[in-house]
Amino acid sequence: MKFRSLIYPYLVFLGILFGLSFSKGNAESNSDSGSSFIGVCSQITRESKFYNPFSIHQELMDSINAININFTRAGFQWSAIHPTHAEWDWRVTDAVVASAKKNDINILALITGMPKELMKSPENAIELWIEFVDSLTVRYKEDIFHWEIWNEPNLRSGNYWPQDKLPDLFATYTREAATIIRRNQPNATILLGGLSTGRKANPFGLWKSLFDLGVLDLVDGIAYHTYNYPGVELIDFNRQISELVSKYTSEKKEYWITEYGVPAIDSYEFPKFSYDAQSKSIMQSILVHWATGGTRFFIFDLWDKQEFSTNFSKEELKQNRNRFFGLMEKDKTPKPSYAAVRWLSLLLNEYEPLELQNRKDGVLIIVRNKKNGKRAYFSWGPKVQQELIENKSDKKMSFFETSEAQFNLDQVKSRTINMRSDDVLFWR
């Protein structure tokens, strides 16, 4: 059965103001201001027997447009495009870039994927890396304007970068790539590759080492993956990275979350992976990043890698959870999070954040309409909601809404409103 979020009673006020660590002014230094704040990881350049988004990349582009998003993150794999000096294969990326252009979708190009045979001695592959990045950025300089250099080099497994080659050699790779991109595309946005933020991955330690080596001066922004920091937990993380960056430069840098997601399946047996939990976690995390000065937020992932089976055991689901992060199921059925993201993206295009209050029992984000200057509010948490109900006249509010429905405040009483305490609401 497909379920959608139910709405339960809640709603009084108490809390402490939690100050913001950096301002919204960070967000637009080099980025296209016409791009949606929300993006989605689509993996549309990937093709394999098990999982082949490239085979339906045009359909996936349509799905991205349908949720009011015009930004996708996709891999431009060194190992697939230029594994040796004699080999070049642009078939997949040419098709994807053409499709994105046709659909008015911006690409955040993830430059990554060292050929496996070079992983043991990447110091011997720098010339090939330079050749690849140069050809890549020249080929697409009229089509792609946002580049992310590498993916999770600090992942302890070493799947993406040999851990004994950090930080110096990785800094060299980043320096070479950033210099080439800036030469070929002076106005491009260049991001230091998305770090894993798992505690064992020690992202702040690697950032500090790379900044000590001068890497920060060559990039426009920092990319990171915040699976371990949902919702309000992101506030302090964003503050810490902003404070670290400020020790090295007075220039404004951009802060891009290039992966965040929550697995979700259609089963009551696994409440931790419910549709409802996915929607709420994604929406709350997007709003916190937006309100604390973040530049872009990319949801991982657009499309499930596998159909869920009711025969899965808890252990099997835990081991294979990475296959169910999609906003859509494998058969392309939208999950509730798909509609929730569409709703939120429309609102973020209309409003700008003024203040975030992190309270003991909820969150209040004060926003302003870009056209008429009127204030509105995002919130979650029972006591925050109750205060907004009680002060609707003072705040001149007429409606509140969820991603599923709108309510006229003159026609409802708080005790008759059914909603969960962690529902994201918008008041205006």
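When each of Phe400, Tyr351, Phe399, Tyr377 is tested with Phe426 by the rule ring pair (Phe, Tyr, Trp, His ring centres under 6.0 Å), just one qualifies, namely Tyr351. Considering Gln77, Glu87, Glu131 as possible partners of His82, the one that fulfils the side-chain hydrogen bond (donor to acceptor under 3.5 Å, both in side chains) test is Glu131. Just one residue in the list Thr258, Thr189, Thr112 forms a side-chain hydrogen bond (donor to acceptor under 3.5 Å, both in side chains) with Glu148, and that residue is Thr258.
Using a 4.0 Å cut-off between a side-chain N of Lys or Arg and a carboxylate O of Asp or Glu, Glu269 and Lys314 do not qualify as a salt bridge. A salt bridge links Asp301 to Lys305: one of the charged nitrogens lies within less than 4.0 Å of a carboxylate oxygen. Using a 4.0 Å cut-off between charged nitrogen and carboxylate oxygen, Arg91 and Glu47 count as a salt-bridge pair. With salt bridges taken as basic N to acidic carboxylate O contacts below 4.0 Å, one links Lys332 and Glu59. Using a cutoff of 4.0 Å between basic side-chain nitrogens and carboxylate oxygens, Arg368 and Glu352 are scored as salt-bridged. Contact check on Lys253 versus Asp220 returns no salt bridge, with no Lys/Arg side-chain nitrogen under 4.0 Å from an Asp/Glu carboxylate oxygen.
The OG1 atom of Thr174 sits 6.0 Å away from atom CG of Leu192, with the distance rounded to the nearest 0.5 Å. A distance of 9.5 Å separates CG in Leu302 from SG in Cys41, rounded to the nearest 0.5 Å. Going from atom CD of Gln385 over to atom CH2 of Trp380 covers 10.0 Å, rounded to the nearest 0.5 Å. Rounded to the nearest 0.5 angstrom, Phe132 CZ and Glu127 CD are separated by 15.5 Å. In this structure, CG in Leu287 is found 10.0 Å from OG in Ser379, a value given to the nearest 0.5 Å. For the atom pair Ile38 CD1 and Met283 CE, the distance stands at 10.0 Å (nearest 0.5 Å).
Of all heavy-atom pairs spanning Pro122 and Trp161, the tightest one is CB-CH2, 4.3 Å. Across all their heavy atoms, Val363 and Val232 have their closest contact at CG2-CG1, 3.3 Å. Between Glu233 and Asn228, the closest heavy-atom pair is OE1-O, 3.6 Å. Nearest heavy-atom pair, Asn151 versus Arg73, reported as atom, atom and distance to 0.1 Å: OD1-NH2, 3.0 Å. Contact between Leu166 and Asn154 at its shortest, heavy atoms only, is CD1-CA, 4.2 Å.
Using cut-offs of 30° and 60° on the angle between ring planes, the pair Phe298 and Trp256 is parallel. Taking the six-membered ring where tryptophan is involved, the planes of Tyr229 and Phe237 are tilted, since the angle between them lies from 30° to 60°. Using the six-membered ring where Trp is involved, Trp207 and Phe204 have ring planes that are perpendicular, over 60° apart on the 30 and 60° scheme.
Remark: the backbone N or O of Lys141 is paired with a side-chain donor or acceptor of Gln185 at under 3.5 angstrom. Between the side chain of Gln278 and the backbone N or O of Ser337, no donor-acceptor pair lies under 3.5 Å.
Residues Ser196 and Glu152 bring no donor and acceptor atom of their side chains to less than 3.5 Å of each other. Asp212 and Tyr248 are linked by a side-chain donor-acceptor pair at a separation below 3.5 angstrom, with hydrogens and angles left out of the test. If you check the side chains of Thr72 and Ser42, you find a donor sitting under 3.5 Å from an acceptor. Checked by atom type, the side-chain pair Ser274/Tyr268 shows no donor-acceptor distance below 3.5 Å. Between the side chains of Asp236 and Gln240, at least one donor-acceptor pair of N or O atoms lies under 3.5 Å. A side-chain donor from one of Asn238 and Thr292 sits under 3.5 Å from a side-chain acceptor of the other. For the residue pair Ser36 and Asn70, a side-chain donor N or O sits within less than 3.5 Å of a side-chain acceptor on the partner.
With sequence neighbours left out, Asp168 forms a side-chain contact (heavy atoms from CB on, under 4.5 Å) with Leu213.
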task = Could you please spell out the steps behind the salt bridge (charged side-chain N to carboxylate O under 4.0 Å, His left out) verdict for Lys335 and Asp266?
result = CA-CA 9 Å; Lys335 299 178 186 179; Asp266 184 23; over 6 Å; no

request  = Give the intermediate values and the outcome of ring pair (Phe, Tyr, Trp, His ring centres under 6.0 Å) for residues His146 and Phe71.
outcome  = CA-CA 10 Å; His146 305 84; Phe71 226 136; 4.9 Å; yes

task = Give the intermediate values and the outcome of side chain to side chain donor-acceptor pair (under 3.5 Å) for residues Tyr140 and Thr93.
result = CA-CA 10 Å; Tyr140 298 125; Thr93 53; 2.7 Å; yes

query = How far apart are the C-alpha atoms of Lys165 and Glu123, what are their side-chain angles, what is the distance that settles it, and do they pass the salt bridge (charged side-chain N to carboxylate O under 4.0 Å, His left out) test?
reply = CA-CA 9 Å; Lys165 304 293 184 180; Glu123 62 272 13; 3.3 Å; yes

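No more than 12 heavy atoms of other residues, nucleotides or ligands lie within 6.0 Å of CD in Glu251, so this atom counts as exposed by the packing criterion. Around the CZ atom of Arg46, the shell of radius 6.0 Å holds more than 12 heavy atoms that belong to other residues, nucleotides or ligands. Surrounding CZ of Arg156 are at most 12 heavy atoms belonging to other residues, nucleotides or ligands under 6.0 Å away. Lys370 NZ: more than 12 foreign heavy atoms inside a 6.0 Å radius.
Less than 6.0 angstrom separates the ring centroid of Trp129 from the ring centroid of Tyr173.
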